[in-house]
Amino acid sequence: MIGFGSSDVSSMTAIVFSGLQPTGTLHIGNYFGAVQNFVKLQTQYKCYYAIVDYHAITVEHDPEELRRNTLEMGMDLLACGLDPRQCVLFVQSQVPEHTELAWILSAVTSYGDLQRMTQFKEKGEGQEFVSCGLFTYPVLQAADILAYKASKVPVGEDQVQHIELTRRIARRFNSRFGETFPEPEVLLSEALRIMSPAEPTRKMSKSLGPKHYIAITESEDSIREKIKTAVTDIGPRPDTNEKSPGVANLFLLLKLTAPKEIYDQFEDDYARGVLKYEPLKRAVADYLVKTLEPIRARRAQLKEAEVREILIEGARTARAVARRTLEEVRERIGVGRVVL
RNA sequence: AGGCCCGUAGCUCAACUGGCAGAGCAGCCGACUCCAAAUCGGCAGGUUGGGGGUUCGAAUCCUCCCGGGCCUGCCA
């Protein structure tokens, strides 16, 4: 059998790619929603994880902040358990093949398809300046994935549309220039959406403000404060047994961090209508702090220099693969050869 | 390349003919609450995009610069 992703000769296992924007420090929504899954995947597949700094520049940004966030993101990911011996962790801009491939792919990307991307519409909404880069963002994302001929892409619901576009791009390239890329499929993990404690109808996000997220490296006091002030409701509703968004969010966090017996006890209290939220919150905070403790400890031990070294090494490995893909792609589309 | 419009608190905007830079939301503190939310009370928030000029006095008028939007033209 000849696999499409055969540029990695060392194994027959599927190739996974995922990119993370360097948004600064990771929060527990990122952790439980995605990163924890990445940690699991690295033992099962050949995984490439990129900190996508070129994506971050499509909206207004501060250079110093981006620089710091990129490194911070690397440190947070390592603290969460990504292991450079098991996966390839690198910074996107260190592998220029991404942007080169993006340009090439833009030639087989439909303008109409891009216009239909809802994320572009959402992110551009209300912005006084909308860059071209924001518009072509999904093409770079396709390049990220296809540069490694990845066949599986673990992403959230909101990114499914972009992966669909990647498939269309891959398909069009293949049919025009010959079979080159696999059509990557979405690796949907159990869809975990941690909500903002302050506004539990919205997904946890840094951009909403400090009250709306809990960083994985947050101090114990701060975690307790944010859980304590988390929005709840008037009290349990045993009649419908339906939790309000805020309470459901607290239960979700408890489920993710506490022993089953503890969780069941609170569920039972809720069902019987005798649950007081104060003790629930205390338990959630306790177990959350406990869960994050090893991450915090690991994070505290990481040295910047050592992390930089890991990222450099990751980029070296990634680049070797991406370069082979680009050689093949250039050959197929008929560029470069004449002057070699 | 030419024309028109805009820039005020984190956000949305107000400030007469040139006369003390303000409100709502967000934020912070407190009361209430099992904890919260809502509500109520309080606090804080500014190089009015930047430089120069006119004036007793400029967010307001003039000028240059920066940033942004719209229209027309030119080139490919």
Side-chain angles (χ1 to χ4, degrees), chain A residues 23-25 27-29 56-66 68-69 103-104 106-107 109 111 115 120-137 193-215 218-258 262-292 335:
Chain A
T23 50
T25 176
H27 57 66
I28 60 173
I57 65 166
T58 55
V59 291
E60 256 192 288
H61 75 286
D62 176 67
E64 262 324 303
E65 197 174 76
L66 177 57
R68 208 192 54 239
N69 285 349
W103 174 254
I104 294 168
S106 75
T109 303
Y111 184 83
Q115 277 182 312
F120 170 70
K121 293 177 191 163
E122 282 162 18
K123 281 184 112 170
E125 187 103 21
Q127 290 290 319
E128 63 175 19
F129 177 81
V130 177
S131 73
C132 233
L134 186 62
F135 185 65
T136 54
Y137 182 114
R193 278 163 59 87
I194 310 290
M195 310 307 278
S196 154
E199 212 172 321
T201 51
R202 309 181 69 171
K203 202 168 128 183
M204 179 173 284
S205 159
K206 253 194 118 181
S207 59
L208 294 174
K211 286 198 315 185
H212 297 270
Y213 71 93
I214 295 171
E218 195 128 354
S219 75
E220 176 168 348
D221 284 354
S222 185
I223 292 173
R224 291 190 185 282
E225 178 68 16
K226 285 179 182 179
I227 295 297
K228 183 181 179 306
T229 58
V231 171
T232 59
D233 55 54
I234 203 75
R237 289 184 294 178
D239 48 322
T240 60
N241 207 24
E242 196 176 301
K243 302 185 186 80
S244 64
V247 174
N249 200 37
L250 289 171
F251 269 98
L252 175 57
L253 287 175
L254 194 65
K255 188 172 201 162
L256 290 168
T257 57
I262 304 285
Y263 175 80
D264 288 344
Q265 182 59 52
F266 280 103
E267 273 285 15
D268 188 56
D269 285 354
Y270 184 91
R272 288 187 298 124
V274 298
L275 178 63
K276 295 275 182 257
Y277 292 139
E278 200 273 327
L280 170 67
K281 285 180 169 181
R282 204 167 34 211
V284 170
D286 283 345
Y287 286 106
L288 188 54
V289 167
K290 203 171 167 192
T291 302
L292 295 180
V335 303

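Sequence lines set the chain letters: A, B, ... in the order given, protein chains first and strands last, and positions in each chain run from 1.
Comparing the C1' positions of B:rG73 and B:rC4 gives an interatomic distance of 15 Å, to the nearest angstrom. When the P atom is compared between B:rC61 and B:rG7, the two are found 10 Å apart, to the nearest whole Å. Comparing B:rA59 with B:rU48, their P atoms are spaced 7 Å from each other, to the whole Å. Using C1' as the reference atom, B:rA36 and B:rG68 are 42 Å apart when rounded to the nearest Å. Taking atom C1' on both B:rA37 and B:rC32, the two are 12 Å apart, rounded to the nearest angstrom. Taking the C1' atoms as reference points, B:rC29 lies 29 Å from B:rC20, given to the whole Å. Using atom P as the reference point in both B:rA23 and B:rA44, the two lie 12 Å apart (nearest Å). Separating the P atom of B:rU12 from that of B:rC5 is a span of 22 Å, rounded to the nearest Å.
Between B:rG27, B:rA36, B:rC34, one nucleotide has an atom nearer to the side chain of A:Lys211 than all others, and that is B:rG27.
Residue A:Ile234 contributes atom CD1, which lies 8 Å from atom C1' of B:rA37 at whole-angstrom precision. The distance between atom CG of A:Leu208 and atom P of B:rG27, rounded to the nearest whole Å, is 11 Å. If you take CG of A:Leu253 and C1' of B:rC35, they are 15 Å apart, rounded to a whole angstrom. Distance A:Lys206 NZ to B:rG10 P: 19 Å, rounded to the nearest Å. Rounded to whole Å, the distance from NZ on A:Lys226 to C1' on B:rG27 is 14 Å. As rounded to whole Å, 14 Å separates atom P of B:rC35 from atom CG of A:Leu275. The nearest whole Å value for the distance from the CG atom in A:Asp233 to the C1' atom in B:rC34 is 12 Å. In this structure, CG of A:Asn249 is placed 15 Å from C1' of B:rA37, rounded to the nearest angstrom.
Figure legend: cation-pi geometry between A:Lys226 and A:Tyr213, with NZ or CZ positioned under 6.0 Å from the six-membered ring centre and within 45° of its axis.
For B:rC40, the paired base is B:rG30 (Watson-Crick or G-U wobble, both distances below 3.5 Å). Figure legend. B:rC74 is base-paired to no nucleotide; pairs are counted as Watson-Crick or G-U wobble with both atom distances under 3.5 Å. When both distances must be under 3.5 Å, the Watson-Crick or G-U wobble mate of B:rA23 is B:rU12. With a 3.5 Å ceiling on both atom-pair distances, the Watson-Crick or G-U wobble partner of B:rG7 is B:rC66.
Distances shown here put every side-chain N or O of A:Lys281 at or beyond 4.0 Å from the OP1 or OP2 atom of B:rA36.
Within a 6.0 Å radius of NZ in A:Lys206, other residues, nucleotides and ligands contribute more than 12 heavy atoms. Counted within 6.0 Å of CZ on A:Arg202, heavy atoms from surrounding residues, nucleotides or ligands total 12 or fewer; the atom is thus considered open.
The residue from A:Met204, A:Met195, A:Lys243 that alone fulfils the side-chain contact (heavy atoms from CB on, under 4.5 Å) condition with A:Asn249 is A:Met195.
Salt-bridge annotation for A:Asp286 and A:Lys290: absent, with no side-chain N of the basic residue lying under 4.0 Å from a carboxylate O of the acidic one. A salt bridge does not link A:Glu225 to A:Lys211: none of the charged nitrogens lies less than 4.0 Å from a carboxylate oxygen.
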